[in-house]
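Quick note on labels: first sequence line is chain A, next is B, and so on, each numbered from 1. Values below: every heavy atom of this structure, side chains too, minus hydrogens, waters and symmetry copies.
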Amino acid sequence: MNYKDLADLIFPNAKEIAYYEEKYPERNLPEGAVVTRFAPSPTGFVHVGGLYQALVARTVAKKTEGVFFLRVEDTDQKREVENGVTGIVNSLKDFDMAPDEGMVTEIDEIGNYGPYKQSSRKEIYEAYAKYLIEQGKAYPCFASSEELEEMRAKQEAAKIRPGYYGVWAKYRNLPVDEAIEKIKNGEDYIIRFRSPGREDRKIKHKDVIKGNVDFPENDQDIVIIKADGLPTYHFAHAVDDHLMRTTHIIRSDEWLSSVPLHLQLFQELGFKVPKYAHISPIMKNDNGNKRKLSKRKDPEAAVSYYKEEGIPTDAVKEYLLNIANSTFENWRRANPDKNIEEFDFQLNKMSVSGALFDMVKLLDIGKTVISKMTAEQVYAKSLEWAKEYDEELATLFENNKEYSLKILGIERGNAKPRKDISKWHDLKNAIIYMYDNEFLNREIQYDYAKVSRKEEIVKILNLYKEKYFHIADDKQTWFDKIKDLAEEVGFAREVKEYKKEPEKWPGHVGDISTVLRVALTGRQNTPDMYEIMQVLGKDSVIARLEKAIQNEGK
RNA sequence: GGCCCCUUGGUCAAGCGGUUAAGACAUCGCCCUUUCACGGCGGAGACAUGGGUUCGAUUCCCGUAGGGGUCACCA
């Protein structure tokens, strides 16, 4: 009885690995093309960190005319969530980051290197596990979980390194005959890797991002096939990324310490070792301590949060790219209108330590992104958002499309467009007063700032309404008239003169403007008042002035 | 605890032995012939710490402190 017999007994139906090697040949890609992947578990939750990894992986692949694929790692049945794959696929789609290959719906996939869902790859893992057993590089382990716990307790008590290795690897040297007998007797077992490593030897590894990292060799006989017949992450990683011909493993740096194991696995399986790029996680400041953005504690950890808030996807991508390569910011300034895919992304320029998530900066980018859009784009994007998250706004927009476009066009499209909206969630509050239904039929809290006497307010508003307001005036005329009005009520015509001798007047033209602004909009801060009045139109302006005058009469 | 990694202003970060130590966000002031949002100009603000090496260390080496990661039949 030899290894071959043992392997045949355990996996009688497994194919030869040559079959798969042939089925999934080296990819025919241009020189220097990089193949990357995003390989999440379908837990139904997409973390920004995951999006970040996917963005980096995809950017690198695109830049080199390589391939970016989506593989679903669902080997842990306990964590399985319904429609988990759909959530991931849709999130990537939302961000315009659909993969070249891999899962495209819950069950469908595209590409020649599939299946792209690990639970569908069982027979492949079995073939490679069988191969390893035949070579004497893997073996069945009959230790029960109680036994393992007991072992661990002993190790801890003796203060030695825990794990299944060396003398603790109880079944590592079990004679083949005995193993076969146990299996035939129906004893439970799993498959372990027979590690050739020694803890007292060091290996050198060069990570694309982290640089040179030295580790002790792995000497743990880790599990490669679990009791449920599915592989562990480590084994699946080696088999899948080899067969899918991944050139660069871009993943979270929590995997860095597994590199010695992975390197060993690739070697023992006879695979070409890929390049590794371990990305630092996005952190959050929690009472002076840095910690990873947490799914449970931080709403902004969920990709869905950005969608709900209406932060443009481009803003999120730009922010993430900015964390990834700080030169992005300079590039963006030099090329404000270029597509982000034209940016020359450098994997090895990524930071070795994790960046603190900065919502303020993200929103600042959001402002810029939105400011560059046309009124039509703002309308389309915000309406799409509103349909899902703000019914009132959606209705308002749909019932007043032309008028809404005018509002959104205020101070837009010129050299210095407005930058007051950072996310769709803020939009309604910024423009709601422009709609007569929302303004005229509602109780408004008027606060005229410096001018507070009722009679004076009424006087100003009446004068404007009766004498100075002409909707057809051009901007200069319009403005001159407000100055005339200021003069007529005894206010300074020019702010500068007023500032020189403030005691000479009760206020200046700006204070008069504020009275008009508040009467027309209910607010002290608004975009350009001339444009607002043009958009409102004559009747609305008059109605609003009257409403304000009446209010003072109460 | 073992092993591994990290440490430049509030935040993201350039920098690779000699620099007035960039830039962006945030913050403060002034200007932008009326507010706000922009935009412009300017200000304040940093090399964790102790030893080396060196003519010279933010940069190289060692220690200390702080932070992070990892030690599953989870990924």
Side-chain angles (χ1 to χ4, degrees), chain A residues 39-41 43 73-79 118 141 143 145 148 152 156 159-164 188-192 199 205 207 210-211 213-216 220 222-234 236-237 251-260 278 280-281 283 285 288-292 319 322-323 325-330 332-333 349 351-365 367-368 371 411 414-421 430 449 479 482-483 486 494-496 508-514 516-518 523-530:
Chain A
S41 296
T43 58
E73 311 225 321
D74 60 343
T75 56
D76 185 5
Q77 295 144 324
K78 293 185 289 289
R79 299 217 303 201
Q118 289 182 330
C141 168
S145 47
L148 292 172
R152 170 169 307 276
E156 272 169 26
K159 297 208 164 132
I160 54 177
R161 195 160 52 91
Y164 198 93
D188 291 336
Y189 63 94
I190 46 84
I191 310 296
R192 280 183 189 275
E199 216 257 347
H205 167 69
D207 189 88
K210 304 278 181 185
V213 194
D214 296 349
F215 287 104
Q220 300 275 347
I222 56 111
V223 174
I224 58 173
I225 302 287
K226 301 181 286 182
D228 60 12
L230 288 170
T232 53
Y233 170 86
H234 306 106
H237 154 53
R251 60 180 10 173
S252 160
D253 75 356
E254 70 199 63
W255 292 109
L256 187 62
S257 59
S258 301
V259 163
H278 287 94
S280 311
M283 314 288 280
N285 190 315
N289 283 62
K290 265 188 173 186
R291 48 150 244 256
K292 277 205 258 186
Y319 174 66
N322 193 235
I323 291 183
N325 266 191
S326 62
T327 48
F328 177 81
E329 218 162 34
N330 293 328
R332 176 44 94 207
R333 221 173 319 130
K349 289 274 174 61
S351 172
V352 273
S353 49
L356 243 30
F357 186 82
D358 188 348
M359 184 61 86
V360 175
K361 185 140 187 169
L362 203 206
L363 293 179
D364 182 73
I365 295 173
K367 277 185 196 169
T368 305
S371 77
E411 288 187 73
N414 48 18
K416 289 193 231 166
R418 278 194 81 71
K419 286 193 178 179
D420 52 348
I421 306 294
F479 189 38
I482 294 178
K483 288 183 176 177
E494 306 289 344
V495 178
K496 275 188 178 161
H508 56 75
V509 62
D511 300 314
I512 300 300
S513 287
T514 298
L516 295 175
R517 188 187 306 280
V518 170
R523 310 207 176 170
Q524 291 181 8
N525 304 330
T526 72
D528 183 77
M529 195 160 51
Y530 177 75

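Within 6.0 Å of CG on A:Asp188 lie no more than 12 heavy atoms contributed by other residues, nucleotides or ligands.
Protein atom CD1 of A:Ile323 is 17 Å distant from nucleotide atom C1' of B:A14, rounded to whole Å. Per the geometry, CG belonging to A:Asp207 stands 13 Å off C1' belonging to B:G69, to the nearest Å. Atom P of nucleotide B:C74 and atom CD of A:Gln77 are separated by 9 Å, given to the nearest angstrom. Counting to the nearest Å, the C1' atom of B:G66 and the CZ atom of A:Arg291 are 18 Å from each other. With rounding to whole Å, A:His508 atom NE2 is found 8 Å from B:U34 atom C1'. Rounded to an integer number of Å, the gap from OH of A:Tyr319 to P of B:C25 is 14 Å.
Between A:Ser353 and B:G68, a side-chain N or O to OP1/OP2 separation shorter than 4.0 Å is absent. One finds a side-chain N or O of A:Lys226 lying less than 4.0 angstrom from the OP1 or OP2 phosphate oxygen of B:A75. Between A:Ser326 and B:G23, a side-chain N or O to OP1/OP2 separation shorter than 4.0 Å is absent. Using a 4.0 Å cut-off, no side-chain N or O of A:Lys210 falls inside it from OP1 or OP2 of B:G69. Contact annotation: A:Arg161 side-chain N/O to B:G1 OP1/OP2 distance is not under 4.0 Å. Here A:Lys419 does not reach the OP1 or OP2 of B:C25: none of its side-chain N or O atoms lies under 4.0 Å away.
The main-chain N or O of A:Thr75 is never found under 3.5 Å from a side-chain atom of A:Tyr233 such that the two would form a donor-acceptor pair.
Note that the NZ atom of A:Lys416 and the OG atom of A:Ser371 stand 13.0 Å from one another [nearest 0.5 Å].
Using a 4.0 Å heavy-atom distance criterion, A:Glu73 is classed as a sugar-phosphate-only contact. Among the heavy atoms of the strands, none lies under 4.0 Å from A:Ser371. Across all strands shown, A:Leu356 has heavy atoms under 4.0 Å from sugar-phosphate atoms exclusively, and none from any base. Within the 4.0 angstrom heavy-atom criterion, no nucleotide atom of any strand lies near A:Phe357.
Of all nucleotides listed (B:A24, B:A37, B:G69), B:A37 comes nearest to the side chain of A:Lys367. The side chain of A:Val495 lies closest to B:U34 when the candidates are B:A75, B:C73, B:U34. In the set B:C73, B:C12, B:C5, B:C12 carries the atom at the smallest distance from any side-chain atom of A:Ala355.
Using modelled atom types and a 3.5 Å distance limit, the side chains of A:Ser280 and A:Lys210 yield a donor-acceptor pair.
Both distances falling under 3.5 Å, in either a Watson-Crick or a G-U wobble arrangement, place B:G2 opposite B:U70. For B:C38, there is no paired nucleotide, since no Watson-Crick or G-U wobble pair has both relevant distances below 3.5 Å.
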